[in-house]
Amino acid sequence: MADALAIAAATVRDRIGDRAGGWDLAGVLPLPLLRELGAAGVLCAQLPEAFGGLGLSSLQNGELTAGTGRLCSSVRSVQTSQGMAAWTVQRFGLPEQQRAWLPDLASGRLAAVGFSETGAGSDLAAMATTVRRSGDELVVDGHKRWMTAARYADLLVVFGRYEDGAAAVLVPADAPGVHVEPVADPMGCRAAGHADVRLDGVRLPAGRLLGGSALPLPLLVTTALAYGRMSVAWGCVGILRACLEAASRHAATREQFGQPIGRHQLVAGHLADLLVAEQVATRVCEHASRCWDAGSAEQVIATVLAKQVASEQAARAAATAVQVLASAGARDGGVAARAYRDAKLMEIIEGSSELCRLLLADHALAVAPRGEEG
Ligand SMILES: Cc1cc2nc3c(=O)[nH]c(=O)nc-3n(C[C@H](O)[C@H](O)[C@H](O)COP(=O)(O)OP(=O)(O)OC[C@H]3O[C@@H](n4cnc5c(N)ncnc54)[C@H](O)[C@@H]3O)c2cc1C
């Protein structure tokens with residue numbers, strides 16, 4: 001598997017190169033690039049080989065994701081969506097659904113995932129999208145918002161209410177009744193293909209209901225989001241590495257007051273802060289991925305912690321990198337400016353910082369020792 005990781009990482013480096021700034025300014029990624037990355041298995045690399053994936057461990061997939069995030073948060077966002085879609089099918093699909101869909105997702109077919117709605121952002125229990133039976137078919141009605149990669153996707157994994165619980169359905173993006181409306185001018189990850197998706201009486205064969213029966217909504221969304229959080233956390237490690245490199249390079253070469261600015265102690269302090277942030281985020285992500293790979297019960301809370309720490313460190317570090325680069329970092333499309341806009345959004349998605357803190361506080365209360373102090 002080490003070889004598979006090395007090949008996938010080289011593919012990412014080679015295909016993205018230094019083109020992310022241009023894609024960011026244009027607000028779009030080349031579709032052939034995404035298909036190529038998808039066909040190389042890079043976009044859902046943790047998928048087992050039995051389903052056509054690369055079979056990377058969470059730790060290996062994390063390093064791959066950080067490599068993508070270091071170069072381009074828009075491609076990394078597509079990678080997160082594709083991985084989350086594949087994980088949802090793997091986790092909840094019947095064997096025949098896994099066989100039918102997973103090899104496609106590992107070979108260039110692109111997917112997006114829809115939880116959020118106007119009235120259901122942080123509070124996904126307020127989801128209003130419905131899936132209902134009509135004879136041998138399913139009918140889906142709803143309006144999903146901000147679906148990453150929906151502009152590029154062939155397949156939409158849509159969560160909604162079903163019978164006395166909830167379900168995820170696999171909706172072809174070109175099915176009658178599906179309307180994909182691109183989000184105009186997103187603040188960051190500008191080329192990630194965000195779109196609002198309206199589903200008006202979309203009719204599907206019954207076999208597109210994952211697992212074939214209703215499931216509790218919290219189980220469905222928590223499971224899917226767990227993958228998304230791990231992926232976003234590693235993507236933030238990539239942003240941190242890009243910021244550390246850009247700031248260090250600049251501080252070593254830009255001279256003011258007769259010496260490189262990195263020799264001025266206040267600037268040197270910024271560089272130390274960036275290194276600490278990158279190391280802290282890397283370590284919490286490694287710990288969470290090891291929990292995934294061991295199937296440990298700590299996996300859920302370790303993932304929330306990783307997402308919380310890595311996204312907050314990345315947002316702060318990106319601001320620091322812009323400060324060190326000053327006017328050299330103050331143009332759109334550059335590494336620091338992109339990181340500044342992209343990292344801020346990472347504190348919002350897959351469970352905002354506030355929601356993550358609430359989960360961490362619940363955990364602290366649950367494991368707190370009971371009884372008399374001392
Ligand atoms: C770049 C980007 C990509 C996205 N991609 C996807 C995607 O692929 N699929 C998808 O389904 N959705 C996606 N989303 C939507 C995203 O999941 C939501 O924006 C997110 O869940 C927050 O919901 P909201 O924006 O409605 O904010 P709100 O829920 O309205 O929250 C607003 C503020 O209030 C705080 N808040 C809310 N409730 C509480 C509480 N109980 N306690 C404390 N604070 C609280 C929040 O933390 C936040 O700071 C994306 C959004 C963005 C910006």
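In each ligand, atom 1 is the first atom listed, and ligand 1 is the first ligand listed. Just the heavy atoms: all of them, side chains too, but no hydrogens, waters or symmetry mates, feed the values below. Only a predicted model underlies this, so the values are computations on that prediction, with no experimental measurement involved.
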Output side-chain donor-acceptor pairs under 3.5 Å for residues 223-230, partner residues at least two apart or in another chain, one line each.
unit_1: Thr223; atom_1: OG1; unit_2: Leu219; atom_2: O; d: 2.6
unit_1: Tyr227; atom_1: OH; unit_2: Asn61; atom_2: ND2; d: 3.0
unit_1: Arg229; atom_1: NE; unit_2: Glu350; atom_2: O; d: 2.7

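Enumerated by chain and number, the residues approaching ligand 1 to less than 4.0 Å through a heavy atom are Val113, Gly114, Phe115, Ser116, Gly121, Ser122, Arg145, Trp146, Met147, Thr148, His194, Leu345, Ile348, Ile349, Ser352, Glu354, Leu355, Leu358.
Looking at Ser73 and Arg338, their side chains never bring a donor and an acceptor atom within 3.5 Å of each other.
A salt bridge between Glu286 and Arg283 is present, with a side-chain N of the basic residue lying under 4.0 Å from a carboxylate O of the acidic one.
Residues Ala242 and Arg70 share a closest heavy-atom pair of CB-O, 3.4 Å.
Residues that satisfy the ring pair (Phe, Tyr, Trp, His ring centres under 6.0 Å) test with Trp292, not counting sequence neighbours, are Trp87. The ring pair (Phe, Tyr, Trp, His ring centres under 6.0 Å) search around Tyr152 returns none, not counting sequence neighbours.
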